[in-house]
Peer 1: 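One structure, pasted below without further comment.
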There are 2 protein chains.
Amino acid sequence: MTAESGRPVTVVIADDEPLVRGGLRLILDSEPDLEVVGEAADGSEAVAQARRLRPDVVCMDVRMPGVDGLRATELVLRLPDPPKVLVVTTFEHDDYVLDALTVGASGFLLKRASADEIVQAVRTVAVGQSLLFPEAVRSLVRGGRGAAARYAGPPLTPRESEVLGLVAQGMTNAEIAAELVVGLETVRTHVASVLGKLGARDRTQAVVTAYRTGLVEV
Amino acid sequence: MTAESGRPVTVVIADDEPLVRGGLRLILDSEPDLEVVGEAADGSEAVAQARRLRPDVVCMDVRMPGVDGLRATELVLRLPDPPKVLVVTTFEHDDYVLDALTVGASGFLLKRASADEIVQAVRTVAVGQSLLFPEAVRSLVRGGRGAAARYAGPPLTPRESEVLGLVAQGMTNAEIAAELVVGLETVRTHVASVLGKLGARDRTQAVVTAYRTGLVEV
DNA sequence: TGCGGGTTCCCCCGCACGGGGGAGGGGCGG
DNA sequence: CCGCCCCTCCCCCGTGCGGGGGAACCCGCA
């Protein structure tokens, strides 16, 4: 709906293998309407690059050291005006395909895809379409996984979950302290670590994540 | 995995409006790797053409007299070595989108898509990928047909809804101001009136209400 | 013509919030 | 036994936020 109009599509490549990054860059940069503006070797770097460079598309490898592609995808999509995430994978039937869709990936790209298919895939997600494996679609159509919208990331401690639940009710720290019969500072500590684990900047973002990932009931 | 390799992708266009057929043919035939080999004005004709011409892709309008696109898609996909079906539609949020996926359509194409997007879409489904609207994916991920949402309260103005949407993304007032290209004070004003209308004490409560009442999409 | 609502912008003020530290006690596993 | 994690509580500091005012512009409608 809003592409092909002047400015090239900007891309950030996130893959731990330099060879793959190089290959992708070669393929994408050879297209006049695509421009690789950055690379990242792991998940956290990918998020940083996405935040800094604000690309249209992030080609994200799933298997990366440290913060993996799935978690990185979540974080990237939480940025303001987030880029589209194109998950790069080796096999089309892996488990994380559905997980990636759940966290909001726009599409998938097989590493063995042809150069044409790769540039097409980038263009496709850039204009806002979703690009899936037919297997994934079938799986989704017939119900995919049950209901629960899983949350990856670092696990929350019981107390943290409790606090997040109350935050997601719209309570202030003082109210939560009263509710849990603990000190205000304690609540502050829990909230702080929840924010850290969720990758949220403030309680509002934490609430957004909580609702979107099903960490709390709607 | 089997395109760009010699023989062009063959396409049959099924639409009851000659104008649309002509437009599609013009766009697709101008690409050297795509070839429109047939046209159909209704569903049964589409099935017949697909059987006779054995194209790689059928561009299928949903609304057609007689046998509609949905039913025709079913029949086409039941042929031996069936073509991919690309459903052509006007609105991305129509009900039959999920139905079409259920019967096995490979993707969707908006009539208002650009020429580039159209040829990309055909190529994409030709190689066996699925091309969906992000809305459809989200809907699938969270398990099928949507639930209604009710919000009573005073109606929000367009601008207020927009601001609330961004607040519900976790954005700060400053980020929203930048996003909407207005002053910070303006955003403050909008947020304040949103809080008032929702009966929320702070933005966090507003987000909670927004998610719970369906004022914003999860 | 005047009124009202929507959108835009401005001031001041108090405060809850989040980041940066640190610290002590209890439980559990190496 | 010691280390580690969880829970608890404490400090300072900067700031984003929300409440309280007000005001201008444009538009549609009476």
Side-chain angles (χ1 to χ4, degrees), chain A residues 44 47-48 51-52 66-67 71 74-75 78-81 151-211 215-216, chain B residues 151-211 215-216:
Chain A
S44 54
V47 177
R51 191 194 322 267
R52 194 168 63 82
V67 177
R71 175 80 181 131
E74 274 194 275
L75 295 175
R78 202 172 294 147
L79 295 175
D81 187 21
Y151 155 78
L156 301 184
T157 70
R159 208 51 161 173
E160 287 166 356
S161 300
E162 208 173 353
V163 170
L164 175 58
L166 297 177
V167 169
Q169 308 272 328
M171 287 184 170
T172 64
N173 289 340
E175 287 169 347
I176 295 172
E179 176 74 23
L180 299 181
V181 199
V182 295
L184 176 59
E185 295 303 326
T186 305
V187 177
R188 291 168 102 58
T189 305
H190 289 313
V191 170
S193 67
V194 167
L195 294 184
K197 287 183 180 178
L198 296 192
R201 181 177 46 194
D202 49 44
R203 64 207 294 106
T204 305
Q205 284 193 351
V207 169
V208 172
T209 303
Y211 276 106
L215 274 173
V216 300
Chain B
Y151 161 73
L156 301 183
T157 69
R159 207 52 162 172
E160 286 165 358
S161 299
E162 206 173 355
V163 170
L164 175 58
L166 297 177
V167 169
Q169 307 274 327
M171 289 180 139
T172 65
N173 289 340
E175 287 169 345
I176 295 172
E179 176 75 25
L180 299 182
V181 198
V182 295
L184 176 60
E185 296 303 325
T186 304
V187 177
R188 288 168 107 57
T189 305
H190 289 312
V191 170
S193 66
V194 167
L195 294 184
K197 287 183 180 179
L198 296 191
R201 181 177 46 195
D202 49 45
R203 66 206 294 107
T204 306
Q205 284 193 352
V207 169
V208 172
T209 305
Y211 276 108
L215 273 174
V216 300

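Proteins come first, then strands; the chains are lettered A, B, ... in the order of their sequence lines, and each starts at number 1.
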Peer 1: Are the side chain of B/Ser161 and the backbone N or O of B/Thr157 linked by a donor-acceptor pair below 3.5 Å?
Peer 2: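 Such a contact is found between B/Ser161 side chain and B/Thr157 backbone.
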
Peer 1: Determine whether a donor-acceptor pair (N or O, by modelled atom type, separation under 3.5 Å) exists between the side chain of B/Tyr211 and the backbone of B/Ala168.
Peer 2: yes

Peer 1: Given atom CG of A/Leu180 and atom P of D/dT8, what is their separation to the nearest angstrom?
Peer 2: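 Roughly 8 Å, once rounded to whole Å.
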
Peer 1: So which heavy atom on A/Ile176 is nearest to which on A/Val163, and how close?
Peer 2: CD1-O, 4.2 Å

Peer 1: Hey, is the side chain of A/Thr172 pairing donor to acceptor with the base of C/dC17 inside 3.5 Å?
Peer 2: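 Check fails, no donor-acceptor contact within cut-off.
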
Peer 1: In whole angstroms, how far is the C1' atom of D/dC17 from the CG atom of B/Leu166?
Peer 2: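 Result: 17 Å.
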
Peer 1: Given D/dG16, is OP1 or OP2 found less than 4.0 Å from the side-chain N or O atoms of B/Asn173?
Peer 2: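 Indeed not, no polar side-chain atom of B/Asn173 lies that close.
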
Peer 1: Less than 4.0 angstrom between a side-chain N/O of B/His190 and OP1 or OP2 of C/dT8, yes or no?
Peer 2: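 Yes, within the criterion.
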
Peer 1: Could you give the CD-to-C1' distance, from B/Glu160 to C/dG6, as a whole number of Å?
Peer 2: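 For the pair B/Glu160 CD and C/dG6 C1', the rounded distance is 8 Å.
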
Peer 1: Calculate the interatomic distance between A/Arg203 atom CZ and D/dT15 atom C1'; express it in whole Å.
Peer 2: 15 Å

Peer 1: Heavy-atom distance under 4.5 Å between the side chains of B/Leu195 and B/Arg201, does that happen here?
Peer 2: no

Peer 1: Sub-3.5 Å donor-acceptor pair from the side chain of A/Asp202 to the main-chain atoms of A/Gln205, do we have one?
Peer 2: yes

Peer 1: Could you tell me the separation between the CD atom of B/Glu162 and the C1' atom of C/dT7, rounded to a whole number of Å?
Peer 2: 12 Å

Peer 1: Could you state the CZ-P distance from A/Arg201 to D/dT15, rounded to the nearest angstrom?
Peer 2: 15 Å

Peer 1: Does C/dT8 have its OP1 or OP2 closer than 4.0 Å to a side-chain nitrogen or oxygen of B/Arg159?
Peer 2: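 True: B/Arg159 side-chain N/O within range (under 4.0 Å) of C/dT8 OP1/OP2.
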
Peer 1: Picking from D/dC11, D/dG18, C/dG18, which would you name as closest to the side chain of A/Glu185?
Peer 2: D/dC11

Peer 1: Select base, sugar-phosphate, or nothing to describe what B/Leu195 touches, counting heavy atoms under 4.0 Å on all strands.
Peer 2: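 The residue B/Leu195 makes sugar-phosphate contact but no base contact.
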
Peer 1: Take the protein atom CG of B/Leu198 and the nucleotide atom P of D/dG18, then report the distance between them rounded to whole Å.
Peer 2: 12 Å

Peer 1: Starting at atom CG of A/Leu184, determine the distance to atom C1' of D/dC9, rounded to an integer number of angstrom.
Peer 2: 10 Å

Peer 1: Name the residue closer to the 5' end of DNA chain C, choosing between B/Lys197 and A/Arg188 according to the nucleotide with the nearest heavy atom.
Peer 2: B/Lys197

Peer 1: Categorize A/Thr186 for me: base, sugar-phosphate, or nothing, with a 4.0 angstrom heavy-atom threshold over every strand shown.
Peer 2: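 Counting heavy atoms under 4.0 Å across all strands, the contact made by A/Thr186 includes a base.
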
Peer 1: Using a cut-off of strictly less than 4.0 Å, decide whether A/Thr157 has a side-chain nitrogen or oxygen near OP1 or OP2 of D/dC5.
Peer 2: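 For D/dC5, neither OP1 nor OP2 has a side-chain N or O of A/Thr157 closer than 4.0 Å.
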
Peer 1: Check every atom of D/dC9, D/dG18, D/dC7 against the side chain of A/Pro158 and return the nucleotide holding the closest atom.
Peer 2: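 That would be D/dC7.
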
